[in-house]
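First the structure, in the form of structure tokens, and then the observations on it.
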Amino acid sequence: MSERLVILGSKGGPAIRPGGPSPTASLLEIGGRRIVIDCGLGVARGLVEAGMALPALDLVLITHLHSDHVLELGPLLHTAWTAGLKTPVQIFGPVGTRAVWDGFVASLAYDINLRIDDEGRPDIRKLVQIEEFGEGELLDENGLTIEALRVDHPPVVECFAIKISHQGRTIVFSADTAYFPPLAGFAAGADILVHEAMHPDGVDRLVARTGNGDRLKAHLLASHTMAADVGRIANDAGVGHLVLNHLVPADDPEITAVHWENEARLHWTGNLTVGRDGLELAFPPPKPQRNTV
Ligand SMILES: [Zn+2]
Ligand SMILES: [Zn+2]
């Protein structure tokens, strides 16, 4: 199996617009696992377009319970199930994830029970295993380790950056966060850092377009990271490759990849990619095992 990162949904926030990008979701194929990170609207379609057979789904990580990260969790699992899922799926999410799942299966009880009786499918409620996590190690299994770091995303308290490592390769997802210097330590030496980003001119244009401008701007500034500060985190962490993701705004024609790069380049000179739906990055091959700092 190829080892790759695919950005399935690259925009921040729950809105979708004609021809525009989807809310947050990513696929990481590594060490024989297919890991979905966040389940914004469009995740099932994105996985299919990326060439992944949905019944192969086996691990899902939810960084926090804002809807642009979790809205399609239930529908993804249900769609995988109707596509033939027969094997267990592990879901790691913050406190409240179980309630999201239980509410979904309750709302679809008629359909689920019908398909079990009528089509002979296994009970999806027994295939899906929810584990609610806090900060620290989530998983250490066959050389795959997953760790979580609580980040700064007020008013959400249960929001976690995720670090996934396998055979000397490491990738870190920032989740949604204000500029958070401890993230540089968490991501130190990572091959890839996928970090959320805001563009200052884009935020001003976004605020000017909306009716609730002052409240929106205050929320964005308190809870998210300007692209220049993302460059600062990548530089302090010494990562191999920075991917800007969860773009705010993601669908302003006046804010192009060059504008994003110019901001991130204020503090970052290394490899840089501006996220977009369908962006695929090959993962570096396994490295000889060594002691890491
Ligand atoms: Zn978000
Ligand atoms: Zn959020």
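Numbering of ligands and ligand atoms starts at 1, following listing order. Nothing here was measured: the structure is a model prediction, and the numbers come from that model. Below, each value reflects all heavy atoms present in this structure, side chains not excepted, and no hydrogens, waters or symmetry copies.
The closest approach of D176 to the Zn ion (ligand 1), by N/O/S atoms, is made by OD2. In H66, the N, O or S atom that comes nearest to the Zn ion (ligand 2) is ND1.
Contact of the L108 side chain with the D111 side chain is registered, since non-hydrogen atoms from C-beta on lie closer than 4.5 Å.
If you take NE2 on H241 and CZ on F283, they are separated by 11.5 Å, rounding to the nearest 0.5 Å.
Across G136 and L138, no two heavy atoms sit closer than the pair O-CD1, 3.3 Å. Pairing each heavy atom of P122 with each of L85, the nearest pair is CG-O, 4.0 Å. Residues W81 and I124 share a closest heavy-atom pair of CB-CD1, 3.6 Å.
In summary, H153 places an N/O/S atom under 2.8 Å from the Zn ion (ligand 2), meeting the contact criterion. Metal site remark for the Zn ion (ligand 1): D68 contributes an N, O or S atom at a distance under 2.8 Å. Distances from the Zn ion (ligand 2) show that H69 has no N/O/S atom below 2.8 Å. Backbone or side-chain N, O or S atoms of H64 do not reach the Zn ion (ligand 1) at under 2.8 Å.
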